[in-house]
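Reading through the structure tokens given below for one structure.
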Amino acid sequence: MFQGIVFDLDDTLYQQQSPFAEAITRLFPNFPADKMNPLFIRFRHYSDLHYMKSITGEWSLEKMRYERIRQALADFSFAPSDTELMAFQTAYDQALKTISLPDEIIAALTFLKQQPLSLGIITNGPVKRQTDKLNALQLTRWFTPENILISDGVEIQKPDPAIFQLMEQHLRLPAESLLYIGDSYDNDVVGAKAAGWSVWWFNHQDRDLPAEHIAFEKEIKSFEELAKTLTRSSL
């Protein structure tokens, strides 16, 4: 039985592809609709790949954001102008203001809040940007602010196990009693397992598992499956 459950934010508690697709469609209406999901996967790949460059100062945050969408589109032989690429982040930010929780997640969080469990969130990203998302999703209905860790705020980035160990201190719970749920194999699965936590990989984007991978407790493929699994009494 777990004593605490901690979630990733982006593309775990809400569908990040929806605002992404809205921004792409607005700026690049000729981009093939059937390629939207593969494009989003590449966008997330480059975002994770280049994120640390913006943290170390090798790249500015603006350059990282420009390169992740430029490289993702280039993978599909789609080469917009620099002006269009630079406009993408603004369109994406606007779309993120309208994000909402899936009904399944609302039901699951409401159920969990009524259980003898501690709940938390660990998310990578700039403090203001992630806080805006947290507020748009009204997540303080289920999570207390002190149990929400934003990487830039604590100066530790997933997959560094130290950010998971910091959450252990906030929750006052040992690693073996905690479950982490996230969509990124590299950041979420690797990081949480390195800290000694149980992990559910929320692979609703159907990403390939690396050929050389570590063992984790469960792979979940949809928001509906995640909600059903979370609301079972055998957690």
Side-chain angles (χ1 to χ4, degrees), residues 2-20 37 40-41 43-49 51-52 55 96 99 101-102 104-106 108-109 112 117-126 129-131 133-134 137 139 142-143 147-154 156-168 170-171 173 175-210 213-230 235:
F2 298 116
Q3 294 178 273
I5 300 178
V6 182
F7 296 84
D8 173 45
L9 174 60
D10 294 313
D11 221 28
T12 296
L13 287 175
Y14 74 99
Q15 293 176 305
Q16 193 177 15
Q17 186 174 325
S18 296
F20 173 83
N37 180 256
F40 176 69
I41 298 298
F43 174 77
R44 287 295 304 274
H45 167 76
Y46 288 118
S47 184
D48 290 344
L49 182 66
Y51 178 66
M52 285 306 299
I55 297 301
L96 282 168
I99 57 176
L101 295 175
E104 297 93 337
I105 294 298
I106 292 174
L109 292 177
L112 293 175
L117 285 165
S118 296
L119 301 178
I121 293 173
I122 299 175
T123 177
N124 277 358
R129 182 175 181 79
Q130 299 307 92
T131 299
K133 295 174 188 175
L134 293 164
L137 296 168
L139 284 168
W142 301 279
F143 301 89
N147 292 341
I148 299 174
L149 299 183
I150 301 174
S151 64
D152 282 16
V154 298
I156 312 170
Q157 321 296 323
K158 294 183 296 183
D160 189 334
I163 197 168
F164 296 91
Q165 293 160 355
L166 180 60
M167 180 60 80
E168 294 167 23
H170 280 245
L171 298 178
L173 291 171
E176 58 270 19
S177 73
L178 293 168
L179 168 67
Y180 192 70
I181 302 171
D183 72 297
S184 170
Y185 176 83
D186 291 334
N187 287 335
D188 299 327
V189 175
V190 172
K193 291 306 292 184
W197 292 31
S198 296
V199 179
W200 293 356
W201 184 29
F202 186 35
N203 189 23
H204 64 106
Q205 296 289 358
D206 201 25
R207 294 178 172 91
D208 292 331
L209 188 64
H213 60 272
I214 58 176
F216 51 90
E217 281 65 31
K218 197 181 296 290
E219 180 178 1
I220 295 177
K221 292 282 195 169
S222 70
F223 282 94
E224 181 180 10
E225 182 188 358
L226 177 60
K228 287 181 178 178
T229 309
L230 283 170
L235 266 178

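Along the sequence shown, residues carry numbers from 1. Because only heavy atoms are used, hydrogens play no part in the values below, and waters and symmetry mates are left out as well, while side chains stay in.
- Gly125 and Ser151 get closest at one heavy-atom pair: N-OG, 2.8 Å.
- Under the 30°/60° scheme for interplanar angles, the aromatic rings of Tyr185 and His213 are found to stand perpendicular.
- Qualifying side chain to side chain donor-acceptor pair (under 3.5 Å) partners for Asp208, counting only residues two or more places apart in sequence or in other chains: none.
- Here the CD atom belonging to Gln16 is positioned 4.0 Å from the CZ atom belonging to Phe40, to the nearest 0.5 angstrom.
- Atom CG of Asp11 sits about 7.5 Å away from atom CD of Gln17, to the nearest 0.5 Å.
- A distance of 12.0 Å separates CD1 of Ile148 from CZ of Phe7, quoted to the nearest 0.5 Å.
- Legend: residues meeting ring-ring contact (aromatic ring centres under 6.0 Å, His included) with Tyr180, ordered by chain and number and at least two apart, are Phe164.
- Nearest approach of Pro19 to Leu96, heavy atoms of both residues: CG-CD2, 3.7 Å.
- Separating the CG atom in Leu166 from the CG atom in Leu171 is a distance of 9.5 Å, to the nearest 0.5 Å.
- Between the Asp188 side chain and the Ser184 main chain, a donor and an acceptor come within less than 3.5 Å of each other.
- For Phe216, the ring-ring contact (aromatic ring centres under 6.0 Å, His included) criterion is met by Trp201, not counting sequence neighbours.
- Taking Lys133 as the reference, Asp10, Gln130 meet the side chain to side chain donor-acceptor pair (under 3.5 Å) condition, with sequence neighbours excluded.
- In this structure the side chain of Leu134 reaches within 4.5 angstrom of the side chain of Ile150, judged on heavy atoms.
- For the pair Leu230 and Ala108, the tightest heavy-atom approach, listed with the atom from each and the gap, is CD1-CB, 4.1 Å.
- When all heavy atoms of Ile122 and Trp197 are compared, the pair lying nearest together is CD1-CH2, 4.4 Å.
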Can Ile220 and Ile181 be said to form a side chain to side chain contact (heavy atoms under 4.5 Å, CB included), step by step? CA-CA 10 Å; Ile220 295 177; Ile181 302 171; 6.0 Å; no
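- Applying the side-chain contact (heavy atoms from CB on, under 4.5 Å) criterion to Ile55, with sequence neighbours excluded, gives Tyr51, Met52, Asp152, Gln157.
- For the pair Asp183/Gln205, no side-chain contact is recorded, criterion being any heavy-atom separation below 4.5 Å from C-beta on.
- Between Trp142 and Ile106, the closest heavy-atom pair is CZ2-CG2, 4.1 Å.
- The ring-ring contact (aromatic ring centres under 6.0 Å, His included) search around Phe223 returns Phe202, His204, not counting sequence neighbours.
- Contact check for Leu226 versus Glu104: no side-chain heavy atoms found under the 4.5 Å cut-off.
- Ala162 pairs by the side-chain contact (heavy atoms from CB on, under 4.5 Å) definition with Ile156, Asp160, Gln165, not counting sequence neighbours.
- Every residue two or more places apart in sequence or in another chain that forms a side-chain contact (heavy atoms from CB on, under 4.5 Å) with Ser198 is listed here: Phe2, Leu179, Glu217.
- Judged as a side chain to side chain donor-acceptor pair (under 3.5 Å), and not counting sequence neighbours, Glu225 has no contacts.
- Considering CG of Asn203 and NZ of Lys218, their distance stands at 14.5 Å, rounded to 0.5 Å.
- A side chain to side chain donor-acceptor pair (under 3.5 Å) with Lys158 is found for exactly one of Asp186, Asp8, Thr123, namely Asp8.
- Minimum heavy-atom separation, Leu173 to Leu178: CD1-CD2, 3.8 Å.
- Residues Leu13 and Leu101 meet the side-chain proximity criterion, which asks for heavy atoms closer than 4.5 Å.
- For the side chain to side chain donor-acceptor pair (under 3.5 Å) test, residues two or more places apart in sequence or in another chain that qualify with Glu224 are Lys228.
- Distance check: Ser118 OG to Leu112 CG gives 11.5 Å after rounding to the nearest 0.5 Å.
- By the 4.5 Å heavy-atom criterion applied to side chains, Leu109 and Leu139 are counted as neighbours.
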